[in-house]
Amino acid sequence: QQSNCPLQMKVSSSGKSRTRDSKSSHLIELNNERLKTAGRRGTKKFVDPNKVFLGNLPYDAVESDVYTLFANHWNIPLESVGDRIESIKIIRDWKTGKSKGYGFV
């Protein structure tokens with residue numbers, strides 16, 4: 001039977017497991033290499049995997065506005081937001097100090 005689903009999986013038993021295993025081990029090696037070069041915590045190359053991008057912020061937004069947004073979203077007191085969020089960083093222009101409209105949590 002044909003399915004209307006646009007994604008379909010084809011399974012083949014043509015003995016290509018050796019090729020699949022070598023591809024998997026190659027991907028694992030590439031991932032390990034990526035992790036080695038990703039940088040250590042505190043270095044310039046470090047990329048924190050737990051940061052979340054916040055886009056489309058108003059240009060006059062400040063960090064306290066983001067705390068208020070999360071307090072309203074989670075329906076908790078503003079003082080409790082700090083227990084759930086480690087830091088909020090709104091990206092600003094280095095010359096003017098104005099927000100660029102995005103940040104990270």
Side-chain angles (χ1 to χ4, degrees):
Q1 280 184 333
Q2 295 245 345
S3 171
N4 291 336
C5 179
L7 301 175
Q8 295 181 2
M9 183 187 330
K10 293 183 180 181
V11 179
S12 172
S13 59
S14 62
K16 292 187 177 182
S17 62
R18 195 177 289 168
T19 305
R20 232 180 274 139
D21 289 341
S22 65
K23 283 183 182 179
S24 296
S25 63
H26 179 67
L27 289 176
I28 291 171
E29 288 174 24
L30 285 175
N31 188 43
N32 289 338
E33 220 22 66
R34 182 188 62 81
L35 291 175
K36 286 179 190 175
T37 60
R40 303 219 188 305
R41 190 173 290 274
T43 63
K44 189 175 182 178
K45 283 188 171 185
F46 178 71
V47 178
D48 190 354
N50 297 320
K51 286 190 178 181
V52 177
F53 175 80
L54 293 176
N56 204 21
L57 294 175
Y59 290 111
D60 58 349
V62 292
E63 283 79 0
S64 62
D65 295 335
V66 179
Y67 278 110
T68 305
L69 173 78
F70 280 104
N72 292 337
H73 177 72
W74 289 326
N75 199 20
I76 60 173
L78 187 59
E79 299 81 29
S80 300
V81 175
D83 298 337
R84 297 184 182 191
I85 295 178
E86 185 177 313
S87 67
I88 293 176
K89 174 76 173 171
I90 294 179
I91 306 303
R92 302 183 183 284
D93 182 77
W94 67 276
K95 282 185 180 179
T96 63
K98 292 183 181 177
S99 167
K100 290 190 173 186
Y102 67 95
F104 298 94
V105 175

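Keep in mind it's a predicted model, so treat the numbers as computed, not measured.
Between V62 and I90, the closest heavy-atom pair is C-CD1, 3.4 Å. In terms of heavy atoms, S99 sits closest to P58 at OG-O, 3.9 Å.
Around the OH atom of Y59, the shell of radius 6.0 Å holds no more than 12 heavy atoms that belong to other residues, nucleotides or ligands.
No continuous path of ILVMFWY side-chain contacts below 4.5 Å connects F104 to L57, so the two sit in separate hydrophobic clusters. There is no path of hydrophobic side-chain contacts, each under 4.5 Å, that joins W74 to L69. Cluster annotation: I76 is connected to V105 through the hydrophobic network of ILVMFWY side chains, with a link wherever side-chain heavy atoms come within less than 4.5 Å. Under the 4.5 Å side-chain heavy-atom criterion for Ile, Leu, Val, Met, Phe, Trp and Tyr, L54 and I91 are members of distinct hydrophobic clusters.
Taking CD from E79 and OH from Y67, the interatomic distance works out to 12.5 Å, rounded to the nearest 0.5 Å.
Between the side chains of S80 and D83, no donor-acceptor pair of N or O atoms lies under 3.5 Å.
A salt bridge between R92 and E63 is present, with a side-chain N of the basic residue lying under 4.0 Å from a carboxylate O of the acidic one.
Between the side chain of T68 and the backbone N or O of S64 there is at least one donor-acceptor pair closer than 3.5 Å.
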